[in-house]
Amino acid sequence: MTARGIDLTSKVFDFDLFVVGGGSGGIRASRLASQLGFKVGLAEMDRLGGTCVIRGCVPKKLMVLAADYSSTFDGARGFGWQCGAGAFNLQAFQHAKDTQIDRLEGIYRSNLLRAGVKLFEEQAEFEDAHTMRLATGTTLTARHILIATGGTPFLPDIPGIEFAMTSNDVFKMQELPRRLLICGGGYIACEFAGIFNGLGSEVTLCYRGPQVLRGFDDDIRRHLSLAMAERGVNVQLNSNVRSISRQSGELCVVTETGDVSTHDEVLFATGRRPNTDSLNLKNATGVKLDRSGAVAVDSFSQSSVPSIFAVGDVTNRVNLTPVAIREAVAFVDTVFANKPTCMDHSNIPTAVFTRPEIGTVGLTEAQAADRSPVKVFMTKFKPLSNTLAGRDEQYLMKLVVDRDSDRVLGIHIVGDSAAEMIQIAGVAIKLGASKEDFDRTVAVHPTAAEELVTLQQPVRTT
Ligand code: NDP
């Protein structure tokens, strides 16, 4: 199998590859193609690094780390330390974080230039299937064009939505809100609930569904929701924001059931939409979009127009940085290295940097049980670190195992370092490990992770 109609003619173009978007996917593709000796241009209208580096994963993780200090100080007393949380200075944090982000952006820039990529720091839109027009009016032709423009926060159209922040605004916030309402129950809403709770805000999480993190394993969702509430987040399920208004300097929120509350800030984390609006795609006649506005692509990331490919969040497949990077590598292998490669979107390990943290890979219990009979192994336990720290919070670890083949189909963890654990556990899943393989693996003691290889009796079979 190979990508359709790749243009191998001797027709002269300005570039072999022109990339629109300098985020994780676009940067990786342009560097790799350039290093293979192809002539590559890249247009970015904002900062290099994209959502992940500038207003997503990296600054978010720095905020998670900042927020974690409060519980570290708190727990330290149980270990004999005479200390407590001092005051958190958000402005000092933002300054330190911005310095780090500037440094990373600089590294991306120099790596691109060192690889020989020609950089255009301006907007680019389609003139036709092989031609881009830059904001300055210059037109450039390319044998192949890669759309890697990512996504942008989506805000529902409700009265007063102009008073709400998005995740983009959080990274510029200079004053910690005393009371924060977060609308949404996905990755971003739950992560920021943990961050602001850790930093000392009174957080209300307002989610329209019956349980947060739709699509995740049900035991994980319940465990997280209860643990967040235990840590002080006011989790309101089956509740949605109907309107926001500003009254005497406060934000007044009315829910669909008529509840009224006041907050200093309101954050909407109600999903993201692919960035296709500014591309003038109608000029590249025939590029199909799906119902969400994402560029529809095949397993080679090729759009309905043979010269145009797309990777990352703009395709709305699995919206994670490492996935965009892998899609970019597969694209370059296919188009420029004569190695047709499909990205494998199965069994992608992922973490949600909630407090407590989630790590998950493979099928949920419900997904697995839909396919074949399963055995479920699960344990909840209080880790050693929480004993002296005086906390009751428990870990949850769960293995979903195919009853017939004994293969482990899913691993789900809630607790400290779940993200680190799931990266390694993901290798076992990729290798098709069986429960017996887990049982044969000697535990590392004393750790939380050892529970993964000492689970004895199933709690359920289907
Ligand atoms: P998600 O799709 O994860 O969650 C969106 C949430 O908003 C859902 O709870 C959804 O409810 C709710 N929602 C959607 N529309 C409305 C509406 N009109 N009114 C009220 N609620 C609404 O999106 P996020 O914005 O949290 O994150 C975007 C993506 O970014 C994620 O899917 C993930 O791929 C990626 N990401 C990954 C991270 C990581 O790897 N740790 C961290 C952050 C983001 P419902 O469930 O009912 O549809």
Side-chain angles (χ1 to χ4, degrees), residues 23-25 50-65 150-161 164-171 181-195 204-216 218 220-221 224-225 228 235-244 253-257 266-275 292-294 312-327 345 348-361 413-414 418-420 422-423 426:
S24 304
T51 301
C52 173
V53 177
I54 307 297
R55 51 193 164 268
C57 322
V58 178
K60 181 275 308 288
K61 185 76 185 282
L62 290 172
M63 286 193 91
V64 169
L65 295 171
T152 198
F154 158 77
L155 288 168
D157 185 16
I158 58 163
I161 194 66
M165 298 187 297
T166 68
S167 55
N168 290 351
D169 303 310
V170 170
F171 300 118
L181 180 133
I182 302 177
C183 180
Y187 275 84
I188 296 180
C190 293
E191 289 185 341
F192 278 120
I195 289 170
T204 301
L205 183 80
C206 175
Y207 172 52
R208 65 183 178 181
Q211 193 49 276
V212 295
L213 291 179
R214 185 165 60 82
F216 284 71
D218 288 336
I220 298 289
R221 298 168 72 193
L224 173 77
S225 189
M228 286 202 301
V235 181
Q236 301 202 342
L237 302 174
N238 299 308
S239 174
N240 204 6
V241 176
R242 184 180 14 180
S243 69
I244 311 167
V253 170
V254 181
T255 65
E256 284 174 356
T257 48
V266 173
L267 168 64
F268 264 63
T270 41
R272 296 174 61 84
R273 294 288 181 269
N275 271 329
S292 70
D313 290 6
V314 76
T315 62
N316 200 22
R317 288 176 282 182
V318 179
N319 298 335
L320 300 169
T321 292
V323 174
I325 291 172
R326 286 295 179 94
E327 288 167 358
H345 287 97
I348 293 170
T350 182
V352 193
F353 293 97
T354 39
R355 287 306 179 242
E357 193 162 285
I358 292 177
T360 177
V361 61
I413 305 170
V414 188
E420 304 291 341
I422 211 69
Q423 179 67 83

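First listed ligand is number 1; within each ligand, the first listed atom is number 1. Residue indices begin at 1 and follow the sequence shown.
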To check your reading of the model: name the closest protein heavy atom to [atom], its residue, and the distance in Å.
| atom | value |
| --- | --- |
| atom 42 (C) of ligand 1 | E191 OE1, 3.2 Å |
| atom 32 (O) of ligand 1 | Y187 CD1, 3.8 Å |
| atom 10 (C) of ligand 1 | R208 NH2, 4.0 Å |
| atom 43 (C) of ligand 1 | I188 CG1, 3.5 Å |
| atom 7 (O) of ligand 1 | T270 CA, 3.1 Å |
| atom 40 (O) of ligand 1 | L320 CD2, 3.3 Å |
| atom 29 (C) of ligand 1 | R272 CD, 4.3 Å |
| atom 34 (O) of ligand 1 | N319 O, 2.8 Å |

Under-4.0 Å heavy-atom contact with ligand 1, by part of [X] that carries it:
| X | answer |
| --- | --- |
| N240 | side chain |
| P156 | side chain |
| V212 | neither |

- Chi angles and distances behind the side chain to side chain contact (heavy atoms under 4.5 Å, CB included) call for I348, V323: CA-CA 8 Å; I348 293 170; V323 174; 3.7 Å; yes

Would [X] count as a polar contact of ligand 1, with the cut-off being nitrogen or oxygen pairs under 3.5 Å?
| X | value |
| --- | --- |
| F353 | no |
| G186 | yes |
| G271 | yes |
| G209 | no |

Could you state the interatomic distance from [atom1] ([X]) to [atom2] ([Y]), rounded to the nearest 0.5 Å?
| X | Y | atom1 | atom2 | result |
| --- | --- | --- | --- | --- |
| T255 | Q236 | OG1 | CD | 7.5 Å |
| C190 | L224 | SG | CG | 6.0 Å |
| C206 | L267 | SG | CG | 12.0 Å |
| E256 | N238 | CD | CG | 11.0 Å |

- Task: Please work out which of R214, E256, K61, K60 has its closest non-hydrogen atom nearest to atom 48 (O) of ligand 1.
- Result: R214

- Message: If you take the nearest heavy atom of each of A269, G56, G185, which one is closest to atom 9 (O) of ligand 1?
- Response: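 Heavy atom nearest to atom 9 (O) of ligand 1 belongs to G185.
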
- Check E191, R55, R272, K60 against S167 for a side chain to side chain contact (heavy atoms under 4.5 Å, CB included) and give me the one that passes. R272

Considering all heavy atoms, the nearest [X]-[Y] contact:
| X | Y | answer |
| --- | --- | --- |
| F154 | T270 | O-OG1, 2.8 Å |
| S225 | L237 | OG-CD1, 4.3 Å |
| Y207 | P210 | CE2-N, 4.3 Å |
| I182 | F192 | CD1-C, 3.7 Å |

- When you look at CZ of R326, are more than 12 heavy atoms from neighbouring residues, nucleotides or ligands closer to it than 6.0 Å?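 Open: at most 12 neighbouring heavy atoms sit under 6.0 Å from CZ of R326.
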
- Message: With the threshold set at under 4.0 angstrom, would you say A351 reaches ligand 1 through any of its heavy atoms?
- Response: yes

